[in-house]
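Whatever order the structure lists them in is the order used to number ligands and atoms, beginning at 1. Predicted, not measured: the structure shown is a model, and the values here were computed from it. Counting begins at 1 with the first residue of the sequence.
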Amino acid sequence: MGHLAFLLGLLFEATSICGIPFCSDDGQLAFYNSCNLTEVPRVPNTIIKLFLSYNYIRMINATSFPLLEMLQLLQLGTQHTPLIIEREAFRNLPNLRILDIGYSKIQFLHIDAFQGLPNLFELRLFFCNLSDSILKDGYFRNLSSLSVLDLSKNAIQNIHLHPSFEDLKSLESIDLSQNQISHVCERDLKLLQGKRFSLFNLSSNILFSRISVNWEECMNPFKNMFLEILDVSDNGWTVDIIQNFSRATNGTKILSLFLKNHIMGAGFGFHNIKEPDQDTFAALGMSSMIKMDISHGFIFSLNSHLFETLKKLKLINLSYNKVNQIAKEAFYGLDSLQVLNLSYNLLGELYNSDFYGLPNVAYIDLQKNHIGAIQAQTFNPLKNLKTLDLRDNAIKTVGFLPSITTVFLSGNKLVSFERRGITAEFLDLAENRLETLTDFYTLLQIPGLKFLILNKNRFSICYQHYSSSKNYTLEKLYLSENMLELVWQTGSCWNMFKGLYQLKVLFLNNNYLSFLPPDVFSDLTALQILSLHANKLTSLSPGVLPANLRVLILSHNLLLSPDPSIFASLSHLDISHNQYICDCEVKNFILWLNQTNVTMLGSPEDVYCTYPGSFSGVSLYSISTEGCDEEEALKFINFTLFIFFTTTLTLFLTATVIFTKFRGLCFSLWHKMVQRLTFKYHRQGVEEDQHKYDAYLCFSNKDFEWVQNALLHHLDSRYNSENRFNLCFEERDFLPGEDHINNIRDAIWSSRKTICIVTKHFLKDGWCIEAFNFAQSRYFSDLKDVLIMVVAGSLSQYQLMKYPPIRVFVQRQPYLKWPEDLQDVGWFLNKLSQSILTKKEEKKKSNNIALQTVATVS
Ligand SMILES: *[C@@H]1O[C@H](CO)[C@@H](O)[C@H](O)[C@H]1NC(C)=O
Ligand SMILES: *[C@@H]1O[C@H](CO)[C@@H](O)[C@H](O)[C@H]1NC(C)=O
Ligand SMILES: *[C@@H]1O[C@H](CO)[C@@H](O)[C@H](O)[C@H]1NC(C)=O
Ligand SMILES: *[C@@H]1O[C@H](CO)[C@@H](O)[C@H](O)[C@H]1NC(C)=O
Ligand SMILES: *[C@@H]1O[C@H](CO)[C@@H](O)[C@H](O)[C@H]1NC(C)=O
Ligand SMILES: *[C@@H]1O[C@H](CO)[C@@H](O)[C@H](O)[C@H]1NC(C)=O
Ligand SMILES: *[C@@H]1O[C@H](CO)[C@@H](O)[C@H](O)[C@H]1NC(C)=O
Ligand SMILES: *[C@@H]1O[C@H](CO)[C@@H](O)[C@H](O)[C@H]1NC(C)=O
Ligand SMILES: *[C@@H]1O[C@H](CO)[C@@H](O)[C@H](O)[C@H]1NC(C)=O
Ligand SMILES: *[C@@H]1O[C@H](CO)[C@@H](O)[C@H](O)[C@H]1NC(C)=O
Ligand SMILES: *[C@@H]1O[C@H](CO)[C@@H](O)[C@H](O)[C@H]1NC(C)=O
């Protein structure tokens with residue numbers, strides 16, 4: 001530990017001088033650590049700090065240093081060779097305040113080595129193999145400013161102070177830890193009587209534990225002293241030693257007593273070692289003690305009236321013991337206690353009487369016990385309790401919870417939160433087993449709740465639609481690592497954030513989200529920070545983000561080619577590690593990236609292409625968008641259609657077509673022949689299953705013209721009375737003013753089939769993907785296969801497969817493809833008509849039909 005602290009110290013001092021080259025100086029600061037020096041280098045007399053550790057300096061004498069009147073800090077520790085320090089070695093450093101010789105093999109230290117340092121404030125002599133003589137022989141004479149003396153980790157066995165200690169008027173901190181001191185008695189520290197110490201550190205010695213002490217003779221080592229901190233940890237103290245020591249020091253003011261790593265208590269499963277009792281600490285009552293740390297021990301049972309006399313104690317640390325039993329009135333008498341730390345013990349249950357006698361306690365730390373049961377009135381009488389830490393226990397119900405400000409309950413076994421009528425501001429319920437959003441809504445009702453942590457639960461179920469016109473007080477909500485996708489996928493609880501008008505921060509990381517329900521954030525008018533890190537979002541619909549959002553985290557999603565307009569309100573954005581497709585689709589996005597004022601979090605290299613393979617891993621910032629025209633593909637389709645309708649005519653007139661080219665013509669003749677028959681059959685079908693429409697045609701409104709020419713004119717009965725189908729589509733049949741998602745849902749439910757015309761525009765339209773998802777969900781929810789997918793335009797497999805709903809569909813069954821060969825269009829339309837007419841409730845059959853369809857068309 002000490003080594004580490006020392007090295008960290010060095011590191012800190014080293015980094016604080018960054019910018020200065022090694023083995024040189026900048027006029028004020030000279031950095032010569034590890035420079036293979038054998039003597040003190042020449043440095044200018046303006047130097048304030050001089051670092052000389054890790055060198056080979058063997059000897060320091062009065063002429064080693066030139067006169068450095070400005071020097072305040074000298075580090076000389078950790079020489080690789082044994083060090084000799086001669087008389088008045090530092091006299092040329094008259095203003096030195098800190099001298100560090102720690103970790104040195106001191107071969108010889110002259111008794112006058114430190115003479116001539118009237119301003120020395122801190123002297124570090126730890127780990128120097130110093131013996132008793134360092135205290136006995138007057139090395140510290142005349143150090144009238146010495147305040148902090150560190151003699152830890154040496155070989156001191158007895159404390160016999162040189163008379164000059166009486167003159168060290170400034171001394172207020174002495175560290176004698178990690179020596180071999182076996183006893184300290186009144187006569188040893190007589191010269192320090194009347195002093196006030198901020199720290200007297202005697203930890204990790206063998207104080208009083210290896211010899212038998214005659215306390216009548218030894219008396220009070222700290223007589224007439226005032227100790228802010230006395231550290232006697234790790235001296236192997238038993239109940240008896242502590243009791244004798246307390247009696248001996250009766251009356252000395254000790255504000256904080258550190259008694260960590262003691263051996264009081266029987267531990268778990270032993271009976272032969274004494275537990276502390278009513279007498280153990282009784283005599284400390286006169287010391288005005290405010291803080292007592294008896295952590296890291298073996299106390300198994302907190303006995304009755306254990307701390308009865310400690311009326312002024314404000315903090316007691318009992319962590320890392322083996323406390324399993326709290327006797328009646330164990331805490332009785334702790335009238336001023338504010339902080340009670342019982343963490344890392346073996347408590348299994350808490351009873352109503354356990355905390356009796358703690359009128360002022362504000363903070364109880366019970367984390368890392370095994371608490372499974374808590375009686376209902378355990379905390380209620382504690383009127384000043386503000387914070388309760390019950391993390392990492394085995395609690396299953398919250399009936400005990402009182403109205404307090406802050407509650408930590410993470411890492412327990414809560415399956416539900418059934419507690420009404422309490423107030424709280426901060427609730428940490430992470431890492432429990434909460435499953436249904438009913439608990440979430442219960443929590444929202446808690447008056448005054450501002451901060452709610454629900455990370456790592458199992459939220460995945462929504463039993464009903466909750467609706468509320470309340471204005472909730474919640475400001476920060478953490479819902480990471482749940483399974484909200486399972487909730488939203490079923491179309492339920494899309495309004496779970498309703499009424500959170502005051503929410504500022506929302507974390508939804510790792511929820512498997514593949515889409516954001518429209519309007520899910522619509523009430524979050526105050527939201528500033530939203531994290532959707534590590535979900536499965538492929539696109540964001542315009543308008544789904546709250547209007548005042550400032551910071552958005554979208555890293556580690558599956559975004560393909562985001563629409564930059566949705567990031568308009570942001571000041572900070574993280575869009576690293578997505579799956580961008582670097583074709584012309586992302587042109588706008590790339591252009592926006594290049595000139596936006598939004599601060600990008602994460603490095604530019606992490607915003608990279610995933611497709612196509614040749615661009616994989618290339619940063620979006622280094623891609624050129626030259627030669628991209630977005631509309632090209634669609635124009636091509638329109639053009640081919642035009643050609644088709646003119647050439648069908650020509651086809652009739654041309655006699656010299658090769659045989660294979662006749663299949664289209666033959667088909668359309670046959671088609672006309674059977675048309676009337678099927679027309680009749682179809683009409684009957686409609687009446688039978690009582691759907692308002694034969695099919696709901698779902699497509700991006702940017703494709704409207706094309707769909708009208710290619711499909712509506714040939715299928716929809718209102719375009720042409722000879723057509724057989726009663727179709728539904730947004731532009732004509734949706735109720736204006738009705739919620740868009742409701743319109744879509746109605747259309748799907750009142751149509752026998754849903755036909756999705758998947759084009760590039762379709763993929764970019766959040767509503768289209770949503771409709772697709774919804775139609776598909778009917779397959780899973782009521783086993784009705786209503787979805788027909790038609791792919792038009794040049795869309796590759798990977799572009800389709802990036803959208804989870806489409807991927808699921810494609811894996812389940814084949815889809816129809818708009819034919820590339822124009823003469824196959826008539827045949828295609830017929831196949832599509834058949835698909836509309838087919839009832840597909842048996843999965844196997846439907847698969848076969850669709851498979852044949854695709855196989856023949858493409
Ligand atoms: C110190 O000496 C070692 C071994 O001779 C050498 O590797 C290292 O570079 C030297 N350091 C400096 C700062 O000269
Ligand atoms: C101080 O030490 C140096 C070698 O480090 C030596 O040359 C010099 O004579 C010494 N001076 C005194 C006064 O001992
Ligand atoms: C420490 O000092 C003692 C004499 O005081 C000596 O015998 C011992 O070897 C020293 N130990 C180390 C590690 O230098
Ligand atoms: C240093 O201390 C010695 C004896 O303790 C004393 O004789 C001497 O005058 C002191 N020197 C200064 C400069 O105070
Ligand atoms: C006393 O010294 C020990 C060991 O050197 C250290 O760990 C502890 O923090 C010190 N105590 C105080 C109160 O600083
Ligand atoms: C405590 O003090 C009593 C009375 O002086 C003595 O008999 C006993 O041995 C002491 N115990 C320890 C552990 O020092
Ligand atoms: C401590 O000292 C007070 C007097 O200052 C005395 O009344 C009391 O009995 C002593 N307590 C113990 C435990 O010796
Ligand atoms: C209590 O002691 C433990 C272990 O030594 C320490 O980690 C914790 O910070 C202490 N707490 C207080 C409030 O002193
Ligand atoms: C909700 O309450 C806050 C604070 O009382 C208020 O500022 C805000 O306007 C309210 N919002 C709505 C929509 O009622
Ligand atoms: C980014 O903008 C700069 C001018 O602001 C322009 O020179 C550069 O070509 C742009 N880069 C891309 C990839 O658009
Ligand atoms: C970025 O900020 C500058 C100056 O503040 C402004 O002129 C420019 O229009 C801003 N650009 C965008 C894309 O908002």
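- Residue pairs meeting the side chain to side chain donor-acceptor pair (under 3.5 Å) criterion with at least one partner in residues 235-251, sequence neighbours excluded, are D240-K274.
- The two residues K195 and L168 come nearest to each other via the heavy atoms NZ-O, 2.7 Å.
- Here D231 does not pair with K260 in a salt bridge; the nearest charged N to carboxylate O distance is not below 4.0 Å.
- Among I57, T38, N61, the residue whose heavy atom sits closest to atom 6 (C) of ligand 2 is N61.
- Between F200 and F222, the distance separating the two ring centers is shorter than 6.0 angstrom.
- Distance remark: protein heavy atom not present below 4.0 angstrom from atom 9 (O) of ligand 1.
- Protein heavy atom in closest approach to atom 5 (O) of ligand 3: N129 ND2, 4.7 Å.
- Between N154 and L130, the shortest heavy-atom distance links the atoms OD1-N, 2.9 Å.
- Less than 4.0 angstrom separates atom 14 (O) of ligand 2 from at least one non-hydrogen atom of the protein.
- Ring centroids of H577 and Y608 are separated by less than 6.0 Å, placing the two rings close together.
- Ligand 1 places these atoms under 4.0 Å from at least one heavy atom of S34: 13 (C).
- Between S131 and ligand 3, no pair of N/O atoms sits closer than 3.5 Å.
- Remark: minimum distance from atom 1 (C) of ligand 1 to any protein heavy atom is reached at N36 ND2, 1.4 Å.
- Of the protein's heavy atoms, at least one falls inside 4.0 Å of atom 3 (C) of ligand 1.
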